[in-house]
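Before any comments, here is the structure.
Atoms considered below: every heavy atom in the structure, side chains included; atoms not considered: hydrogens, waters and symmetry mates.
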Amino acid sequence: MPTAAFWEGRRVLVTGHTGFKGAWLVALLHSMGAEVSGLALAPTARSAYDAIGGDQLVRSTLGDIRDRAVLRQVLDRHRPEVVLHLAAQALVRQSYVDPVETFGVNVVGTAALL
């Protein structure tokens, strides 16, 4: 497990940074001195991201992980040393309603990042 010293000054990209877990990960990385950038959809109303003041902690880009042009732009601009990939459609009920969309975000989005 990397120590706080590992993250100091490290360029880190967090995909899904506006989600619940992503927001708290951003806060933790920022507290350890990482230079955090993010790619995600816009946060929902009353989100953890807004609660932690996420816009003050991360260089945020709003976009879809499947949009390869936006993804390339983020990677070229921030040149991350570490990528933590949390972007996903994680709601089980929503995956039943729209399994093709869920597959697209979770599988195609991951493939685009790789």
- Message: For Gln89, is there any backbone N or O sitting under 3.5 Å from a side-chain donor or acceptor partner on Asn106?
- Response: yes
- Task: State, to 0.1 Å, how close Ile65 and Ala87 come at their nearest heavy-atom pair, and which atoms those are.
- Result: CB-CB, 4.1 Å
- Kindly compute the distance separating NZ (Lys21) from CG (Leu86), expressed to the nearest 0.5 Å. 8.0 Å
- Query: Taking all atoms of both residues into account, what is the closest heavy-atom pair of Asp55 and Ser60, and its distance?
  - Reply: OD1-CB, 4.4 Å
- Message: Has Glu35 got a side-chain atom pairing as donor or acceptor with Ser37's backbone, closer than 3.5 angstrom?
- Response: no
- Message: For Leu39 versus Leu13, what's the shortest heavy-atom pair and its separation?
- Response: N-CD1, 4.0 Å
- Query: Restricting to pairs with a member in residues 30-61, which pass ring-ring contact (aromatic ring centres under 6.0 Å, His included), not counting sequence neighbours?
  - Reply: His17-Tyr49
- Message: Hydrophobic cluster membership, with links at side-chain heavy-atom distances under 4.5 Å among I/L/V/M/F/W/Y: are Val83 and Trp7 in one?
- Response: no
- In short, Leu62 meets Pro43 closest at the heavy-atom pair CD2-CD, 4.4 Å
- Taking all atoms of both residues into account, what is the closest heavy-atom pair of Val12 and Ala34, and its distance? CG2-CB, 4.1 Å
- Pairing residues for Glu101 by the salt bridge (charged side-chain N to carboxylate O under 4.0 Å, His left out) criterion, not counting sequence neighbours: Arg66
- Task: Evaluate the side-chain proximity of Leu75 to Pro80: yes if any heavy-atom separation is below 4.5 Å, no if none is.
- Result: yes
- Message: According to a hydrophobic-cluster definition based on side-chain heavy atoms being under 4.5 Å apart (Ile, Leu, Val, Met, Phe, Trp, Tyr only), do Leu113 and Val108 belong together?
- Response: no
- Message: Is there a continuous path of hydrophobic side-chain contacts, each under 4.5 Å between heavy atoms, that joins Val58 to Leu25?
- Response: yes
- Quick one: do Arg46 and Asp50 make a salt bridge, cutoff under 4.0 Å? no
- Task: Would you indicate whether the side-chain heavy atoms of Thr15 and Leu84 approach each other to under 4.5 Å?
- Result: no
- Note on the structure: Ala27 and Ile52 have their tightest heavy-atom pair at CB-CD1, 4.0 Å
- Query: Looking at side-chain heavy atoms only, is the closest gap between Arg11 and His78 below 4.5 Å?
  - Reply: no
- Item | Check: Phe6 main-chain N/O paired with Arg10 side-chain donor or acceptor under 3.5 Å | yes
- Is Arg77 atom CZ crowded by more than 12 heavy atoms from other residues, nucleotides or ligands, each under 6.0 Å away? yes
